[in-house]
Participant: 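Let me give you the structure first, and then I'll get to my questions.
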Amino acid sequence: MTLKRILSGVQPTGDLHLGNWLGAIRNWVDLQEDNESFFCVVDLHAITVPHDPNKLAKNTLSTAALYLACGMDPAKCSIFIQSQISAHSELCWLLNCVTPFNWMERMIQFKEKAKKHGDNVSIGLFDYPVLMAADILLYDADLVPVGEDQKQHLELARDIAQQRINSRFSQGDKAILKVPKPLIIKEGAKIMSLTDARNKMSKSDSNEGSRIGLLDEPEIIKKKIKRAKTDSEIGLEFGNPERPEANNLLSIYSIVSGLGRDKAAQECSEMGWGQFKPLLTDATISAIKPIQKKYNDLISDQTELKKIIQQGNSRAKEVSNQTLKRLKESIGFIKEDY
Ligand code: ADP
Ligand code: TRP
């Protein structure tokens, strides 16, 4: 049996939060066991909105360190830095030239981000989903584990591969690019903001209190949960559309406590917020503690971290260069060894 390929990535745009962990990275840890896995830090994506050059490198390394701290094992997966693999930018250009403008105009995340940045919207931000498609297609990924919010980008990657490359340029039945599938794990797929449970928890929310950072000190976590929005009802429950806060905080609790949905719902069904919040705080702090310990070790001496990235980069170059060569030849570029 050949192993399935997995690829995913997170932007190094600030410290990762509970949503990134529960919605994305936590699932990668399991996936690396039975699949050939690639996890990248997508720093090229991070410059699609104005960025601070003094922070980019630091955040890139810290994101890679958090991958490892959350349980990615370099013996089982490749961890690499997107900007160090030039094939990503190159494939992005090639895909740009076959992707219809009106497909891109439908991208919800672009519309939302563009609204936030007003007049200062780069072409890179508009092109973000094509670069993401390049990330995925370069590795012939079978499955792409992401949170729910990325589903539309995955569909775009599939459409580009299938309709704009394979059906136009394949000779015979042999596909040039593998058409990837999204892998959206429902539990924890969307963790919402602590201050407004109608919006997702996000690094780009200007209110720090809306998210729990994986590197937040216990005291900070306690404060944030204490201030988290609640309602006036007693008893926590899932699935009541009138009670998004209850749904969100119970959902976080069910995962960080390890109880799962049914047991957590049972335990908290008659609990008031005053009793529930300390429980959630303790469970969150305990779940994050081992991650913070490992992270601090990796960052205080970065020799091991850099070695792991170099290994990952070198495997990523090997695989991505092959795909790029195959595609360039298929669409008619002159062969390098003519
Ligand atoms: P952010 O919106 O915080 O900048 P990213 O866009 O960098 O997060 O997302 C990185 C990964 O984490 C993606 O796979 C995304 O689907 C997942 N993710 C981000 N926010 C959440 C959330 N609130 N709940 C679940 N998953 C999330
Ligand atoms: N767009 C993704 C996000 O915001 C990050 C990302 C970039 C990604 N390239 C990717 C995710 C490739 C999965 C696969 O979360």
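First listed ligand is number 1; within each ligand, the first listed atom is number 1. Residue numbers count from 1 along this sequence.
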Participant: Give the numbers and elements of all ligand 1 atoms closer than 4.0 Å to a heavy atom of V146.
Facilitator: 14 (O)
Participant: Numbering the atoms of ligand 1 from 1, which are under 4.0 Å from a heavy atom of K190?
Facilitator: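 The list of qualifying atoms is 24 (N), 25 (C).
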Participant: Within ligand 2, which atoms have a heavy atom of L7 less than 4.0 Å away?
Facilitator: 12 (C), 14 (C)
Participant: Less than 4.5 Å apart, side chain to side chain, heavy atoms only: is that true for K328 and K335?
Facilitator: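 A side-chain contact under 4.5 Å is absent here.
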Participant: Purely on distance, is any nitrogen or oxygen of T13 under 3.5 Å from one on ligand 1?
Facilitator: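 No, there is no polar N/O contact under 3.5 Å.
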Participant: Should you measure from each heavy atom of V146, which atoms of ligand 2 turn up under 4.0 Å away?
Facilitator: 11 (C), 13 (C)
Participant: Take a 6.0 Å sphere around CD of E217 and say whether it holds more than 12 heavy atoms from other residues, nucleotides or ligands.
Facilitator: no
Participant: Using only heavy-atom distances, determine whether the side chains of S37 and N35 contain a donor-acceptor pair under 3.5 Å.
Facilitator: no
Participant: Please state which part of I136 comes within less than 4.0 Å of ligand 2, counting heavy atoms only: side chain, backbone, both or neither.
Facilitator: side chain
Participant: In a check of side chain to side chain contact (heavy atoms under 4.5 Å, CB included) between D196 and each of R198, K200, M192, which one passes?
Facilitator: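 Answer to the side chain to side chain contact (heavy atoms under 4.5 Å, CB included) test with D196 among R198, K200, M192: R198.
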Participant: Does only the side chain of D149 get under 4.0 Å from ligand 1, or the backbone, or both, or neither? Count heavy atoms.
Facilitator: side chain
Participant: Under 3.5 Å, N or O to N or O, is Q109 touching ligand 2 that way?
Facilitator: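 No: no nitrogen or oxygen of Q109 is under 3.5 Å from one in ligand 2.
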Participant: Strictly distance-based, threshold 3.5 Å: is any side-chain N or O of E245 a donor or acceptor partner for the main-chain N or O of A228?
Facilitator: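 Absent.
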Participant: Any chance CD of E237 has more than 12 other-residue heavy atoms, nucleotides or ligands included, within less than 6.0 Å?
Facilitator: yes
Participant: Treating N247 as the side-chain partner and R243 as the backbone partner, does any N or O pair qualify as donor plus acceptor under 3.5 Å?
Facilitator: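 Checked: no pair found.
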Participant: What I want to know is whether Y128 and ligand 2 share at least one N or O pair that is separated by under 3.5 angstrom.
Facilitator: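 Yes.
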Participant: Considering both backbone and side-chain atoms of S8, is one of its nitrogen or oxygen atoms within less than 3.5 Å of a nitrogen or oxygen in ligand 2?
Facilitator: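 N/O-N/O distance under 3.5 Å: no.
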Participant: Considering only heavy atoms, does Q82 approach ligand 2 within less than 4.0 Å through its side chain, its backbone, both, or neither?
Facilitator: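 No part of Q82 is near ligand 2 at this cut-off.
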Participant: Measure the distance from atom 8 (C) of ligand 2 to every protein heavy atom, then report the residue, atom name and distance (to 0.1 Å) of the closest one.
Facilitator: G9 O, 3.7 Å
Participant: How close do I288 and G213 get, counting heavy atoms only, and between which atoms?
Facilitator: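 I288 and G213 have their closest heavy atoms at CD1-O, 4.2 Å.
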Participant: Strictly under 4.0 Å, does any heavy atom of H17 approach an atom of ligand 1?
Facilitator: yes
Participant: Mark up the atoms of ligand 1 that fall under 4.0 Å of a heavy atom belonging to Q150, in ascending order.
Facilitator: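 Selected atoms, number and element: 16 (O).
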Participant: Do Q84 and T60 make a side-chain contact, defined as non-hydrogen atoms from C-beta onward lying under 4.5 Å apart?
Facilitator: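 Side-chain contact under 4.5 Å: no.
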Participant: Any idea which of G19, P145, S8, S251 brings a heavy atom closest to atom 21 (C) of ligand 1?
Facilitator: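 Answer by nearest heavy atom: G19.
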Participant: Could you identify the single nearest non-hydrogen protein atom to atom 9 (N) of ligand 2 and state the distance to 0.1 Å?
Facilitator: D135 OD2, 2.6 Å
Participant: Does ligand 1 come near enough to G9 that some N or O of the ligand is less than 3.5 Å from an N or O of the residue?
Facilitator: no
Participant: Within the 4.0 Å heavy-atom shell around G23, which atoms of ligand 1 are there?
Facilitator: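 What qualifies from ligand 1 is 25 (C), 26 (N).
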Participant: Geometry only, no angles: is K200 polar-contacting ligand 1 at N/O separations under 3.5 Å?
Facilitator: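 In this structure, K200 places an N or O atom under 3.5 Å from an N or O of ligand 1.
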Participant: For Y67, run the ring-ring contact (aromatic ring centres under 6.0 Å, His included) check against W21, W28, Y295 and tell me which one passes.
Facilitator: W28
Participant: Please work out whether any backbone atom (N, CA, C, O) or any side-chain heavy atom from C-beta onward of M201 is under 4.0 Å from ligand 1, and answer side chain, backbone, both or neither.
Facilitator: both
Participant: What do we get for E148 next to ligand 1 when only non-hydrogen atoms under 4.0 Å count, side chain, backbone, both or neither?
Facilitator: neither
Participant: For ligand 1 and N20, I'd like to know whether there is a polar contact (N/O to N/O, distance under 3.5 Å).
Facilitator: yes
Participant: Any idea which part of A24 is under 4.0 Å from ligand 1, heavy-atom wise: side chain, backbone, both or neither?
Facilitator: side chain
Participant: Show which atoms of ligand 1 fall inside a sub-4.0 Å distance from at least one heavy-atom site of S202.
Facilitator: 1 (P), 2 (O), 3 (O)
Participant: Which is it for V144 and ligand 2 at heavy atoms under 4.0 Å: side chain, backbone, both or neither?
Facilitator: side chain
Participant: Is there a continuous path of hydrophobic side-chain contacts, each under 4.5 Å between heavy atoms, that joins L131 to L7?
Facilitator: no
